[in-house]
Structure formats: structure tokens, C-alpha cells
Amino acid sequence: MLTLSKSVCAAAALAVACAYAGAAIAQPSPKAYPAKAVKIVIPLGPGNSLEIATRLVAEKLSSALGQPFVIEAQPGAAGQIGTERVARSPADGYTLLAANDGIITMLPNLQKHVPFDPIRDFSPIAQMIGIPFVLIAHPSVQARTAQELVQLAKARPDKLEYSSGGSGSAQQLAMELFMSLTGTHFLHVPYKGAPQAAMDVVSGQIPVAMAGVPIVVSLIKQGRLLALGIASDKRLPLLAEVPTLAEQGIPFKFSTWGGLFAPSGTPVEIIRKLNHETLVALNSADVRARMAEFGFEVYGNSSEEFSDVVKADFAKMARLIRQAGIEPQ
């Protein structure tokens, strides 16, 4: 039988202790978090609705937690590039994702191959905002209501174009569902982001689009865009004169949400800290006032509730896309 000396046992015990200590040092300390700047990756082009809202929240997080929360835009492939980057980042709380449900629940159902799993690869932190959609048109379009646009499209099948923020984007899905409901067909022109898609409607390059209210509300008020109908169950205070699509006999509702995520495996204490401070930010009077100016609906829920929302909406989108006969590309 092999007998170890006391000195060998002591050395082994010391080595084990050091290994545990090293592992402990390697893990981020939730109490000390954050100890350095935190990146929030937005996988969309500049000027999008999600960026507007995330900047308002990030300013509050920076003040509350004593470290900069820095916004980094990384657009491309309808959001896939930036989203994959965060999914592959260390789960230490220093690289976060601000994403909408267009990326998290719609894109994976519209594309056959995406480089991330929205359920497996992310830990939801908080659902921040809701983004109502509006059907917009260039003033030269011979339609002043949604129903007039439907009749125009039926009289000119496959002649009218619509823009979107890219293949698999929320704008594309909204318009595809609208076409399925109304029996119309518009030609899809994808762009590299929702702001660019909206601006080409402003220029008259593209006649119509579905767009998130925050990025087009000022253009509508300036008369540079026509608002043909709100895709909500009630009118919006910012655009009280614009009827809902339902009021016009088109029972169509569509909105998106935006939220914060961390890579899967991020310590739960960090998730809870970020959730708490995000909710504090969303409930502050100045942030709520600014959100209202842009037409956002302010949400805010626990990370567990947000996780349930993501799973439910993923399944719901799969069902809607299937029912509309939209084939994944």
C-alpha cells in the first residue's frame, strides 16, 4: 500500500487550494460588478428605435453603477452579426445585447440558418419598451387611407414596392402579415436598417412601408410622410389624428419590443442587479417623459417574466408565419 508523506499531502492540499482560489479570482464578483466599462451591443444600424431607448437607459445605468455603459452599434445580416458576437462573448456581464423581438423571435423563424439560438444562448435581463408600428406612404402615393392603399395595390398587383430593415426584419414580417390579411402583394426591397428603409420612403424612392413609430413620428408631423393607419388596438396620443387599421376595417395589430440580454451563463446576481437598475431607470420621471416623446410604450419586468415572454413570442411567431404561408429563406 502506498503511503504519502506529510509534506507531499501538504503540497497537494496547497495546490488544490490555489486552484480553487484561482477559479474564484477568474469569476466576476457580483458584489463588485461592474468594475469596468460595460458594452451594450446593438446589432442594428444607427438611428433605430432600439438605440434611442437604450441610450436613455444606459445613461441611468452608468450613473447608478459608477461605470460607463457604452453603446456599440454592430449592424449586418438583419442583426445576426452583432447578436452572434454577444452570444459568443464571455458570460461576465461586460458585453450585453440590446435587441428587439425582430431579432430574437422573428428572424430565427424567417431564416433557415441563424448563428445563434435565442433561447439557449441568452439570459434575458429586462424587457424595456414596446414599439407600435404605423403604415406609412410617400405623399405622392394616391391613397390617404389604408383601405385606399389596399384598393390601389389590388389594381396594380406586383407594381408597388415596400421597404424594410432587411430580410427577416420586423418591418418585413409586418408587411408580409398585412399582405396576407388584405390579399395584396407588394414587392419587397430590403435595406441595411429600418431608418434607411424609412428615409427612402421620405425621398419617394419607395412608396410605402411598415415602420416603428419612434423613427418616423417627426417625419409624419412635418408632412414628409403620410400615416395611413396605426397597427395598434387604439390610437396613439402622439398621432391622435391617425386612425388605427382596425378602425378602417383591417383587423391588424403589430408591435415589437426591445430588451436587454446577457450571454447565457452570466451569474444570476449580475442579471438581478442589471434588472433592478434597468427598472429603476424605466420608472424615472425624466426617462418616461422622453420615451413618451418618441412614442414608446414603457415596459419593465423581472428577468424571469421576460424569459417567459421570449419563449411565448418565439412560439407565437412560428405559428403566425406558418399560418401566413411565409416560407423561411
Side-chain angles (χ1 to χ4, degrees), residues 37-58 61 68-131 133 163-174 190-199 210-212 214-215 255-266 274 278 296 299 306-307 309-310 313-314 317 328-329:
V38 177
K39 295 188 289 286
I40 303 178
V41 176
I42 300 180
L44 300 168
N48 61 82
S49 299
L50 185 61
E51 180 185 354
I52 295 169
T54 304
R55 287 193 181 279
L56 294 174
V57 172
L61 292 177
F69 278 69
V70 182
I71 305 293
E72 289 191 10
Q74 190 171 14
Q80 296 183 61
I81 294 175
T83 305
E84 182 186 16
R85 171 191 167 188
V86 178
R88 307 291 176 254
S89 294
D92 57 7
Y94 289 100
T95 303
L96 308 178
L97 174 72
N100 58 27
D101 54 345
I103 295 169
I104 298 297
T105 70
M106 300 177 199
L107 182 65
N109 281 306
L110 286 168
Q111 300 281 343
K112 290 181 179 178
H113 305 289
V114 294
F116 60 87
D117 184 303
I119 309 298
R120 181 194 63 212
D121 292 340
F122 297 102
S123 294
I125 296 171
Q127 188 181 22
M128 298 186 295
I129 49 154
I131 305 169
F133 268 51
S163 61
S164 81
S167 296
S169 65
Q171 298 80 33
Q172 182 195 9
L173 179 58
Y191 284 73
K192 291 184 177 180
Q196 297 93 320
M199 288 310 298
M210 281 282 185
I215 64 172
S255 64
T256 60
W257 48 252
L260 285 178
F261 297 82
S264 181
T266 299
L274 289 169
T278 299
F296 291 112
Y299 291 170
F306 188 23
S307 180
V309 168
V310 170
D313 281 4
F314 185 86
M317 284 301 161
Q329 301 298 311

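Values below: every heavy atom of this structure, side chains too, minus hydrogens, waters and symmetry copies.
- Residues Phe133 and Thr256 are in side-chain contact: their nearest non-hydrogen atoms beyond the backbone lie under 4.5 Å apart.
- In this structure, Ser169 and Gly166 approach most closely via the heavy-atom pair OG-O, 2.7 Å.
- For the atom pair CG (Leu110) and OG1 (Thr105), the distance works out to 9.0 Å, reported to the nearest 0.5 Å.
- In this structure, Glu72 and Arg85 have side chains that are in contact, with non-hydrogen atoms separated by less than 4.5 Å.
- Judged by distance alone, the side chain of Ser164 and the main-chain N or O of Gln171 form no donor-acceptor pair under 3.5 Å.
- Note: Ile71 CD1 to Ile42 CD1 = 4.5 Å, rounded to the nearest 0.5 Å.
- Applying the side chain to side chain contact (heavy atoms under 4.5 Å, CB included) criterion to Pro46, with sequence neighbours excluded, gives Glu51.
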> For Val38 and Tyr94, what are the C-alpha separation, side-chain angles and deciding distance, and is it a side chain to side chain contact (heavy atoms under 4.5 Å, CB included)?
Replying inline: CA-CA 5 Å; Val38 177; Tyr94 289 100; 3.9 Å; yes
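- In this structure the side chain of Ile125 never reaches within 4.5 angstrom of the side chain of Phe261, judged on heavy atoms.
- Nearest heavy-atom pair, Ser163 versus Ala197, reported as atom, atom and distance to 0.1 Å: OG-O, 2.9 Å.
- The nearest pair of heavy atoms linking Ala198 to Ile215 is CB-CD1, 4.5 Å.
- Distance CD1/Ile104 to CZ/Phe122: 5.5 Å, rounded to 0.5 Å.
- The nearest pair of heavy atoms linking Ser49 to Pro214 is OG-CB, 3.6 Å.
- The aromatic rings of Trp257 and Phe306 sit perpendicular to each other, their planes meeting at more than 60°, with 30° as the lower class boundary.
- The two atoms that bring Ile103 and Phe116 nearest to each other are O-CZ, 3.8 Å, heavy atoms only.
- With rounding to the nearest 0.5 angstrom, the OG1 atom of Thr83 is 10.5 Å from the CG atom of Asp121.
- One distance of note links CG of Leu107 with CE of Met317; it measures 12.5 Å at 0.5 Å rounding.
- What you find for Ser167 and Pro190 is that their closest heavy atoms are N-CB, 3.8 Å.
- Note that CG of Leu173 is 10.5 Å distant from CE of Met210, once rounded to the nearest 0.5 Å.
- Proximity of Thr54 to Ile40: side-chain heavy atoms (C-beta onward) are separated by under 4.5 Å at one or more points.
- No donor-acceptor distance shorter than 3.5 angstrom exists from the side chain of Thr95 to the backbone of Val86, with no hydrogens or angles considered.
- In this structure, Leu274 and Leu96 have side chains that are in contact, with non-hydrogen atoms separated by less than 4.5 Å.
- With hydrogens and angles ignored, the 3.5 Å screen pairs a side-chain donor or acceptor of Thr266 with a backbone N or O of Pro263.
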